[in-house]
Amino acid sequence: QVQLVESGGGLVQAGGSLRLSCAASGRTFISYGMGWFRQAPGKEREFVAGNNWNGRTTKYADSVKGRFAISRDNAKNTVDLQMNSLKPEDTAVYYCAAAPGMVVTTTLSRYDYWGQGTQVTVSS
(Lines give C-alpha, C1' and ligand atoms only; values in the text may rest on other atoms or scores of the structure.)
Protein backbone atom coordinates (compact mmCIF):
# COMPACT_ATOMS: atom_id res chain seq x y z
CA GLN A 1 0.00 0.00 0.00
CA VAL A 2 1.29 3.43 -0.95
CA GLN A 3 -0.22 6.75 0.00
CA LEU A 4 0.63 9.79 -2.08
CA VAL A 5 0.21 13.45 -1.19
CA GLU A 6 0.86 16.22 -3.71
CA SER A 7 1.73 19.83 -2.99
CA GLY A 8 2.93 22.90 -4.85
CA GLY A 9 0.08 23.74 -7.16
CA GLY A 10 -1.23 27.25 -7.61
CA LEU A 11 -1.86 30.17 -9.95
CA VAL A 12 0.93 31.39 -12.21
CA GLN A 13 1.19 33.64 -15.25
CA ALA A 14 2.10 32.22 -18.63
CA GLY A 15 5.86 31.80 -18.91
CA GLY A 16 6.25 31.24 -15.21
CA SER A 17 7.33 28.19 -13.25
CA LEU A 18 5.95 25.90 -10.56
CA ARG A 19 7.38 22.92 -8.76
CA LEU A 20 5.07 20.12 -7.70
CA SER A 21 6.09 17.66 -5.04
CA CYS A 22 4.67 14.28 -4.12
CA ALA A 23 5.40 12.58 -0.81
CA ALA A 24 4.94 8.82 -0.61
CA SER A 25 4.39 6.70 2.46
CA GLY A 26 5.74 3.19 2.85
CA ARG A 27 9.12 1.53 2.85
CA THR A 28 9.03 0.16 -0.69
CA PHE A 29 9.17 3.39 -2.66
CA ILE A 30 11.96 2.07 -4.87
CA SER A 31 9.67 -0.75 -5.99
CA TYR A 32 7.54 1.68 -7.94
CA GLY A 33 7.79 3.58 -11.14
CA MET A 34 6.42 7.05 -10.49
CA GLY A 35 4.42 9.29 -12.75
CA TRP A 36 2.63 12.60 -13.04
CA PHE A 37 -0.68 12.86 -14.86
CA ARG A 38 -3.06 15.76 -15.40
CA GLN A 39 -6.71 16.23 -16.12
CA ALA A 40 -8.26 19.38 -17.50
CA PRO A 41 -12.02 20.04 -17.29
CA GLY A 42 -13.92 17.95 -19.80
CA LYS A 43 -10.83 16.01 -20.83
CA GLU A 44 -9.41 12.60 -20.03
CA ARG A 45 -6.57 12.17 -17.62
CA GLU A 46 -3.28 12.16 -19.52
CA PHE A 47 0.30 11.16 -18.86
CA VAL A 48 2.72 14.02 -18.30
CA ALA A 49 6.00 12.54 -17.03
CA GLY A 50 7.35 9.43 -15.38
CA ASN A 51 10.53 7.84 -14.12
CA ASN A 52 11.83 4.44 -13.13
CA TRP A 53 12.92 3.28 -9.69
CA ASN A 54 16.23 5.15 -9.64
CA GLY A 55 15.09 8.14 -11.65
CA ARG A 56 17.61 7.57 -14.43
CA THR A 57 15.02 6.63 -17.05
CA THR A 58 12.38 9.24 -17.74
CA LYS A 59 9.55 9.71 -20.21
CA TYR A 60 7.60 12.83 -21.09
CA ALA A 61 4.52 13.71 -23.06
CA ASP A 62 5.44 15.52 -26.25
CA SER A 63 3.52 18.57 -25.07
CA VAL A 64 5.85 19.11 -22.10
CA LYS A 65 9.23 17.94 -23.41
CA GLY A 66 11.90 20.54 -22.81
CA ARG A 67 9.73 22.42 -20.30
CA PHE A 68 9.02 19.92 -17.51
CA ALA A 69 11.44 17.75 -15.55
CA ILE A 70 10.64 14.86 -13.23
CA SER A 71 12.97 13.80 -10.45
CA ARG A 72 12.83 11.58 -7.40
CA ASP A 73 14.63 11.28 -4.08
CA ASN A 74 14.41 7.71 -2.80
CA ALA A 75 15.92 8.68 0.54
CA LYS A 76 13.02 11.07 1.14
CA ASN A 77 10.32 9.10 -0.73
CA THR A 78 9.50 12.06 -2.91
CA VAL A 79 9.00 12.71 -6.59
CA ASP A 80 8.95 16.23 -8.00
CA LEU A 81 7.81 17.84 -11.22
CA GLN A 82 9.55 21.06 -12.19
CA MET A 83 7.39 22.96 -14.66
CA ASN A 84 8.91 25.85 -16.61
CA SER A 85 7.62 28.05 -19.43
CA LEU A 86 4.07 27.29 -18.41
CA LYS A 87 1.26 27.81 -20.88
CA PRO A 88 -2.49 28.31 -20.34
CA GLU A 89 -3.04 24.86 -21.84
CA ASP A 90 -1.08 23.37 -18.93
CA THR A 91 -3.98 24.31 -16.64
CA ALA A 92 -5.28 21.12 -15.01
CA VAL A 93 -5.41 19.09 -11.85
CA TYR A 94 -2.08 17.30 -11.54
CA TYR A 95 -1.88 13.84 -9.99
CA CYS A 96 1.05 11.86 -8.69
CA ALA A 97 0.83 8.11 -9.22
CA ALA A 98 2.77 4.93 -8.44
CA ALA A 99 3.04 1.87 -10.67
CA PRO A 100 4.22 -1.46 -9.21
CA GLY A 101 7.45 -2.60 -10.82
CA MET A 102 10.68 -0.71 -11.16
CA VAL A 103 10.25 0.55 -14.70
CA VAL A 104 8.75 3.72 -16.09
CA THR A 105 5.39 3.46 -17.84
CA THR A 106 3.12 5.90 -19.65
CA THR A 107 0.08 3.62 -19.34
CA LEU A 108 -2.51 5.00 -16.93
CA SER A 109 -3.94 1.56 -16.09
CA ARG A 110 -0.54 0.39 -14.82
CA TYR A 111 -0.68 2.89 -11.96
CA ASP A 112 -2.31 1.44 -8.85
CA TYR A 113 -1.93 4.32 -6.42
CA TRP A 114 -2.95 7.94 -6.86
CA GLY A 115 -2.73 11.16 -4.93
CA GLN A 116 -5.66 13.49 -4.42
CA GLY A 117 -4.43 15.96 -7.03
CA THR A 118 -3.28 19.56 -6.96
CA GLN A 119 -4.65 22.38 -9.10
CA VAL A 120 -2.37 24.23 -11.49
CA THR A 121 -3.80 27.30 -13.19
CA VAL A 122 -1.84 29.24 -15.80
CA SER A 123 -3.23 32.64 -16.73
CA SER A 124 -2.60 34.27 -20.09
Side-chain angles (χ1 to χ4, degrees):
Q1 188 79 8
V2 176
Q3 293 184 327
L4 305 171
V5 179
E6 303 100 334
S7 61
L11 173 64
V12 64
Q13 289 187 332
S17 298
L18 280 176
R19 188 176 183 88
L20 305 183
S21 186
C22 174
S25 65
R27 296 175 291 178
T28 58
F29 185 64
I30 62 170
S31 299
Y32 295 89
M34 297 300 296
W36 285 94
F37 289 75
R38 67 187 181 187
Q39 188 167 18
K43 295 188 177 181
E44 294 186 351
R45 192 170 298 188
E46 64 176 1
F47 173 80
V48 174
N51 59 19
N52 72 330
W53 73 277
N54 62 8
R56 293 178 183 173
T57 302
T58 58
K59 291 188 177 182
Y60 295 94
D62 288 344
S63 58
V64 307
K65 280 181 181 177
R67 300 188 298 122
F68 290 13
I70 187 172
S71 60
R72 65 190 289 167
D73 185 334
N74 287 339
K76 297 180 179 179
N77 282 13
T78 58
V79 58
D80 291 351
L81 184 68
Q82 178 65 43
M83 304 186 296
N84 299 324
S85 302
L86 283 161
K87 304 175 181 179
E89 51 263 44
D90 294 318
T91 295
V93 177
Y94 283 71
Y95 297 90
C96 173
M102 302 171 77
V103 298
V104 59
T105 177
T106 64
T107 304
L108 186 148
S109 61
R110 294 279 306 277
Y111 288 83
D112 286 353
Y113 302 102
W114 295 83
Q116 81 286 354
T118 186
Q119 177 70 46
V120 171
T121 303
V122 184
S123 63
S124 57

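All of these numbers come straight from a predicted model, not from anything done at the bench. Throughout, residue positions are numbered sequentially from 1 according to the sequence presented.
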Measure the spacing between [atom1] of [X] and [atom2] of [Y] and express it to the nearest 0.5 Å.
{"X": "Thr57", "Y": "Asn52", "atom1": "OG1", "atom2": "CG", "value": "4.0 Å"}
{"X": "Phe29", "Y": "Arg72", "atom1": "CZ", "atom2": "CZ", "value": "4.0 Å"}
{"X": "Ser124", "Y": "Gln13", "atom1": "OG", "atom2": "CD", "value": "9.5 Å"}
{"X": "Phe47", "Y": "Trp36", "atom1": "CZ", "atom2": "CH2", "value": "12.5 Å"}
{"X": "Gln82", "Y": "Leu18", "atom1": "CD", "atom2": "CG", "value": "8.5 Å"}
{"X": "Asn77", "Y": "Gln3", "atom1": "CG", "atom2": "CD", "value": "12.5 Å"}

Is there a donor-acceptor pair closer than 3.5 Å between any side-chain N or O of Asn74 and the backbone N or O of Trp53?
yes
Taking the basic N atoms (NZ, or NE/NH1/NH2) and the acidic carboxylate oxygens, is any pair closer than 4.0 Å for Asp62 and Lys65?
yes
Checking Ser17 now: which residues fulfil side chain to side chain donor-acceptor pair (under 3.5 Å) with it, not counting sequence neighbours?
Asn84
With sequence neighbours excluded, residues passing side chain to side chain donor-acceptor pair (under 3.5 Å) with Thr121:
Gln119
What pairs meet the salt bridge (Lys or Arg N to Asp or Glu O under 4.0 Å) rule with one or both residues in residues 39-55, with sequence neighbours excluded?
Arg38-Glu46
What's the shortest heavy-atom distance between Val120 and Met83, and which atoms?
CG2-CE, 3.9 Å
Measure across Val2 and Ala24 and return the closest heavy-atom pair with its distance rounded to 0.1 Å.
CG1-CB, 4.2 Å
Tyr94 vs Phe68 aromatic rings, parallel, tilted or perpendicular, using cut-offs 30° and 60°?
tilted
